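Have a look at the structure below before the remarks.
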2 protein chains.
Amino acid sequence: MLSTSEENYLKSIYHLELLNSKGASTNAIAKKMNTKASSVTDMVKKLSEKELVVYKKYQGVQLSKKGKKIAVYLVRKHRLWECFLVDKLDFTWDEVHDIAEQLEHVKSDDLVDKLDKFLGFPTVDPHGDPIPDKNGNITKRKRIQLSNLEVNQESILLGLKDSSDEFLRYLDKNEISIGQKITVLAKEPFDNSLTIKVGKKKMLISQKAAHNLYLLEK
Amino acid sequence: MLSTSEENYLKSIYHLELLNSKGASTNAIAKKMNTKASSVTDMVKKLSEKELVVYKKYQGVQLSKKGKKIAVYLVRKHRLWECFLVDKLDFTWDEVHDIAEQLEHVKSDDLVDKLDKFLGFPTVDPHGDPIPDKNGNITKRKRIQLSNLEVNQESILLGLKDSSDEFLRYLDKNEISIGQKITVLAKEPFDNSLTIKVGKKKMLISQKAAHNLYLLEK
DNA sequence: ATATATTTTTAGCCTTACCTAAATATTTAT
DNA sequence: ATAAATATTTAGGTAAGGCTAAAAATATAT
Ligand SMILES: [Mn+2]
Ligand SMILES: [Mn+2]
Ligand SMILES: [Mn+2]
Ligand SMILES: [Mn+2]
């Protein structure tokens with residue numbers, strides 16, 4: 001049985017590996033987990049002894065098969081609980097992350113299965129992120145950043161790159177939500193800002209914001 | 001912010017105080033928490049410094065007002081989660097305790113309020129135990145053990161003294177559940193066993209089992 | 001190629017929450 | 001009232017998961 005701390009390390013390494021397939025560096029893990037590099041070294045040694053990661057001194061870590069399975073299961077639990085909080089308890093999407101961080105560590109496989117069923121086997125969480133199924137399979141959708149969409153192309157908002165509370169509230173304020181149709185009407189060459197149509201509304205969006213929106217790539 | 005361990009101590013002391021209003025002894029706490037008396041002494045000193053319990057060496061502990069408030073809130077959370085697990089996720093009443101033991105430590109007042117609302121503000125948990133309201137008030141119902149009911153008196157099953165999984169499954173097997181009408185048909189003087197009518201069924205019940213059933217006292 | 005900067009590890013400490021064994025206080029029995 | 005039994009506390013130790021500061025390895029710049 002893993003501790004909450006061990007579980008959090010595995011999940012962080014998993015997310016870092018998605019960004020950099022070579023593995024996760026000590027410093028990157030430390031930054032992500034708000035801790036010190038020396039603490040990371042300690043923990044990584046322990047995870048390595050348990051064969052949950054592959055670690056070579058000074059070379060960073062990668063998850064082992066066993067470690068990845070646990071990490072994906074944690075992601076599954078996190079996202080299922082986020083669905084529960086938003087769909088059933090009426091939380092907003094910027095309120096659920098910290099609570100799901102706690103709930104994901106509750107130990108009961110039965111609970112996860114029954115929660116999944118109760119929610120109707122959702123495939124994406126409130127932020128548009130995919131929910132791994134019972135076997136750990138994740139459906140990958142082809143997606144493209146809004147900033148890379150051609151002018152006059154229409155697509156559907158699938159998910160977010162940055163799910164920070166600030167960005168979520170920016171989207172709320174501008175009535176942008178997952179599943180909406182978005183069309184690029186014009187690109188401003190000077191600052192790469194975009195004029196877009198979201199639903200029926202026209203609006204201006206910065207390059208930075210456009211970078212953070214993933215659309216369905218057809 | 002209290003640790004899970006500190007919270008568990010407060011809850012155990014609370015339950016022990018309900019049995020013995022003078023307070024909880026070191027040994028009683030150790031037994032209840034499956035730990036050693038010396039560990040209890042350590043923790044009790046810490047809780048005393050935080051003014052959550054009143055502690056005098058060799059004299060056991062009582063919860064302070066502050067400590068009791070926290071303990072009651074934990075009981076509230078535990079029982080709300082048990083309702084969720086049984087009513088929404090279709091767990092049986094003998095499966096929910098250990099999961100609720102974990103869920104009760106999730107930190108979010110908002111979560112508790114919203115869960116309460118989602119469940120329709122329940123007043124009792126699946127075992128018939130009362131759920132403290134938002135202000136910590138617990139509705140006390142007059143109740144009497146089945147073993148103390150007069151012959152030919154009818155009453156309603158309110159709750160259980162012993163909620164062990166074995167007893168819960170004994171009740172399931174005999175189709176006895178919270179809310180049912182029960183009448184004592186006869187008492188056997190030799191072993192104090194009872195012939196009772198539960199719903200429409202007649203059955204024999206031992207003194208031990210009858211001790212564990214609380215009925216509404218009119 | 002060498003010097004400098006950055007990253008990572010090691011060494012040594014701290015706190016929490018446990019433990020065992022020994023000492024001390026309290027309770028119970030004679 | 002004293003002895004024996006029981007309950008509680010103290011002393012000293014462990015493992016987990018943090019930390020800082022110093023040492024060592026690796027990466028970068030000249
Ligand atoms: Mn999240
Ligand atoms: Mn999410
Ligand atoms: Mn319970
Ligand atoms: Mn209960």
Side-chain angles (χ1 to χ4, degrees), chain A residues 1-14 16-17 19-63 67 70-71 74 101-102 104-105 107, chain B residues 1-14 16-17 19-63 67 70-71 74 101-102 104-105 107:
Chain A
M1 185 86 58
L2 297 181
S3 70
T4 295
S5 186
E6 290 170 318
E7 288 188 341
N8 281 331
Y9 272 94
L10 292 177
K11 198 156 64 95
S12 292
I13 295 166
Y14 173 77
L16 289 169
E17 277 191 344
L19 301 178
N20 180 342
S21 49
K22 277 160 207 149
S25 75
T26 303
N27 261 0
I29 298 169
K31 194 174 176 189
K32 179 146 204 146
M33 301 203 60
N34 262 299
T35 184
K36 303 290 156 161
S38 55
S39 305
V40 173
T41 301
D42 282 353
M43 180 57 90
V44 145
K45 280 180 184 168
K46 196 167 48 140
L47 294 175
S48 173
E49 263 166 36
K50 294 190 178 184
E51 299 192 302
L52 298 169
V53 301
V54 178
Y55 167 61
K56 287 240 286 282
K57 263 193 197 179
Y58 295 100
Q59 302 310 129
V61 284
Q62 297 104 275
L63 291 176
I70 295 168
L74 286 162
E101 277 302 317
Q102 299 179 64
E104 73 192 8
H105 301 290
K107 260 95 174 172
Chain B
M1 184 83 60
L2 298 182
S3 69
T4 295
S5 185
E6 289 171 319
E7 289 188 342
N8 281 331
Y9 271 93
L10 292 177
K11 199 156 65 92
S12 292
I13 295 166
Y14 173 78
L16 288 169
E17 275 190 344
L19 300 178
N20 180 343
S21 49
K22 279 159 204 148
S25 73
T26 302
N27 261 359
I29 298 169
K31 194 174 176 188
K32 180 149 203 140
M33 302 203 58
N34 262 300
T35 185
K36 302 290 153 156
S38 54
S39 305
V40 173
T41 301
D42 283 353
M43 179 57 90
V44 144
K45 280 180 184 168
K46 194 166 54 142
L47 294 174
S48 174
E49 263 165 36
K50 294 191 178 184
E51 300 193 299
L52 298 169
V53 301
V54 179
Y55 168 61
K56 286 239 289 281
K57 264 192 196 176
Y58 294 99
Q59 303 310 127
V61 284
Q62 298 103 279
L63 291 176
I70 294 168
L74 286 162
E101 278 301 316
Q102 301 178 63
E104 72 191 7
H105 301 290
K107 259 95 175 175

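Chain naming here is simple, since letters A, B, ... match the order of the sequence lines and numbering starts at 1 in each. A quick note: this is a predicted structure, and the numbers were derived from the prediction, not measured.
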D:dA7 OP1/OP2 closer than 4.0 Å to side-chain N/O of B:Ser25: no

Within less than 4.0 Å of OP1 or OP2 of D:dT8, is there a side-chain N or O belonging to B:Tyr55? no

Nearest-neighbour nucleotide for the [X] side chain, [options] considered:
X	options	value
B:Asn27	C:dC19, D:dA7, D:dT26	D:dA7
A:Asp42	C:dT9, D:dC19, D:dT9	D:dC19
B:Thr41	C:dT9, D:dT10, C:dC19	D:dT10
A:Lys57	C:dT10, C:dT8, C:dT26	C:dT10
B:Ser39	C:dC19, D:dG18, C:dT9	C:dC19
B:Tyr9	C:dC18, D:dT20, D:dA7	C:dC18

Looking across every strand, which nucleic acid part, if any, lies under 4.0 Å from [X] by heavy atom: base, sugar-phosphate, or nothing?
X	value
B:Thr26	sugar-phosphate
B:Ser38	base
A:Lys45	sugar-phosphate
A:Ser5	sugar-phosphate

